[in-house]
Amino acid sequence: MTREEIEKKVKEIIVKKLGVTESEVTPTASYVEDLGADSLDQVELVMEFEDTFGLGEKIPEEEAAKLTTVGSTVEFLMAKLGK
Amino acid sequence: MSKRRVVITGMGAVTPIGNTVEEFWKGLTEGRNGVDLITLFDTKDHVTKFAAEVKGFDPTAYIDRKEARRMDRFCQFAVAASKMAVEDAGISAQTHDPNRVGVIIGSGIGGFISFEETFETYLQKGPQRISPFFIPMLIIDIAAGHVAILHGFKGPNYATVSACATGSHAIGAAFMHVQRGDADAMVCGGSEASICRVGVAGFNVMKALSTRNDDYKHASRPFDKMRDGFVMGEGSGIIILEELETAKQRGAKIYAEIVGIGFTDDAYHITAPAEGGEGAARAMQAALNDAGLKPEAIGYINAHGTSTEYNDKNETAAIKTVFGEHAKNLIVSSTKSMTGHLLGAAGAVECIATALAVQRGMIPPTINYEVPDEACDLNYAPNKAVAKELSCALNNTFGFGGHNTCIAVKKYIS
């Protein structure tokens with residue numbers, strides 16, 4: 001999967017789940033600080049990333065805890081799936 | 001010291017015959033029929049294929065899109081109706097000390113649809129893949145929690161649960177809080193959204209629902225001899241109860257006064273009413289006593305009138321027990337003939353109907369009334385609204401578990 005494809009899908013998920021506009025979803029945007037997510041939203045986002053990118057239940061909790069921004073999520077998914 | 005008086009200063013409703021209070025009232029006085037084929041799920045395997053659904057409801061007209069997504073349908077109804085009621089009353093965390101405004105919203109079952117959908121996900125994908133919002137969507141008290149957050153009301157806050165008597169218990173509990181002085185205003189009522197696969201199937205196997213699929217528009221026919229069960233409804237009714245002096249000081253409009261409540265139980269059977277409506281009669285008598293009213297003061301009873309064999313004849317018997325000779329002067333109507341049975345929201349939307357009947361001198365009819373039943377021989381306002389000046393009225397609701405409630409409403413004259 002290319003970076004563009006990953007970014008596009010990540011953006012779509014965030015817009016849908018957090019009810020934000022696409023322009024707010026910048027690489028440095030923090031889920032909690034900038035996009036208004038709470039702890040339950042974060043659990044749901046990780047689940048959605050796992051499902052969408054075919055990772056099963058493979059994102060370990062300590063890794064998931066590091067996914068605090070849009071950018072860090074894209075980098076993590078690139079490392080797993082990118083080419 | 002005399003008791004603090006409690007008046008209704010705001011109302012909100014989402015119902016099968018209208019998604020605002022005025023639309024609901026217009027529907028009631030016109031005899032609008034809210035029953036239709038079920039659209040919320042495919043009924044091909046179900047015995048009963050119709051219900052009174054809420055139509056054209058857009059939660060995002062009242063609730064932020066993201067928040068709406070975290071709420072079950074029952075909670076969306078409650079939050080929407082609450083918002084309408086709060087705006088109608090003109091109360092806020094600024095007009096009142098927020099610590100003295102509370103919220104009590106009940107539901108018979110709560111997030112039933114969310115439960116059903118989540119369990120399907122659980123079976124397909126396993127325990128780690130269900131939504132983190134599942135529990136907060138399921139639990140009944142969450143509606144009151146959401147309303148508190150939305151409006152900043154920090155007073156007494158919880159849910160009541162007593163099946164089809166839930167909405168009345170919520171109003172009664174709120175009434176007591178205002179009367180006691182715990183709060184100056186309370187947002188209260190009930191909400192229900194149980195028209196789902198398991199919900200309809202569950203009531204079907206109990207033989208509680210009408211199965212008149214070939215003529216479903218006439219299925220909800222309280223007190224009629226041909227009645228064959230109730231019709232499920234959904235929606236929410238919310239009212240604002242306020243201490244009279246506080247309401248007067250801020251120049252609030254006042255719909256009516258709540259003057260008494262009566263709560264009893266049959267202690268008889270889990271679902272069937274006691275013979276002769278014994279527990280229901282005690283609830284009505286208790287409400288009259290609480291209000292200090294003689295039976296002759298009552299002109300109208302908004303009946304529980306579910307359109308089941310047992311309820312309607314026992315409720316009729318109970319009314320005759322309490323009112324004696326005066327029973328034949330009363331008008332008794334069941335608005336469930338139009339809205340279906342809103343279960344945990346029934347008491348709340350019917351309290352609205354009762355208060356407006358008293359305020360406006362107009363009694364909503366019992367529609368679909370065609371064939372008299374010798375066991376149901378009162379004046380049920382058949383098929384047409386009746387203009388009648390009212391001083392006081394009662395609102396009955398009864399629930400599985402043998403719960404009986406009665407609320408006494410009085411016309412407010414400034």
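Lettering follows sequence order; numbering is per chain, from 1.
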Enquirer: Testing the basics here: between B/Ile105 and B/Ala78, what is the closest heavy-atom pair and its distance to 0.1 Å?
Expert: CG2-CB, 4.1 Å

Enquirer: Which donor-acceptor pairs sit under 3.5 Å apart between chain A and chain B?
Expert:
| from | atom 1 | to | atom 2 | distance (Å) |
| --- | --- | --- | --- | --- |
| A/Lys17 | O | B/Arg69 | NH2 | 2.7 |
| A/Gly36 | O | B/Lys66 | NZ | 2.9 |
| A/Asp38 | OD1 | B/Arg70 | NH2 | 3.1 |
| A/Asp38 | OD2 | B/Arg70 | NH1 | 3.1 |
| A/Asp38 | OD2 | B/Arg70 | NH2 | 2.7 |
| A/Asp41 | OD1 | B/Arg70 | NH2 | 3.0 |
| A/Asp41 | OD2 | B/Lys66 | NZ | 3.0 |
| A/Asp41 | OD2 | B/Arg70 | NH2 | 2.6 |
| A/Glu44 | OE1 | B/Arg69 | NH2 | 3.2 |
| A/Met47 | O | B/Arg129 | NH2 | 3.2 |
| A/Glu50 | OE1 | B/Arg129 | NH1 | 2.7 |
| A/Glu50 | OE1 | B/Arg129 | NH2 | 3.1 |
| A/Asp51 | OD1 | B/Arg129 | NH2 | 2.7 |

Enquirer: Look only at the side chain of A/Glu63 and the backbone of A/Pro60, and say whether a donor-acceptor pair between them is shorter than 3.5 Å.
Expert: no

Enquirer: Over 60° means perpendicular and under 30° means parallel, so classify the ring planes of A/Phe49 and A/Phe53, tilted if in between.
Expert: tilted

Enquirer: Measuring heavy-atom distances to chain A, does B/Ile130 have an atom under 4.5 Å in its side chain, in its backbone, in both, or in neither?
Expert: backbone

Enquirer: So, do A/Val25 and A/Val10 sit near enough that their side-chain heavy atoms are less than 4.5 Å apart?
Expert: no

Enquirer: Give the minimum heavy-atom separation between B/Ile195 and B/Ala51, together with the two atoms involved.
Expert: CD1-CB, 3.8 Å

Enquirer: If you look at every heavy atom in B/Cys188 and B/Ala170, which pair is closest and at what distance?
Expert: CB-O, 3.9 Å

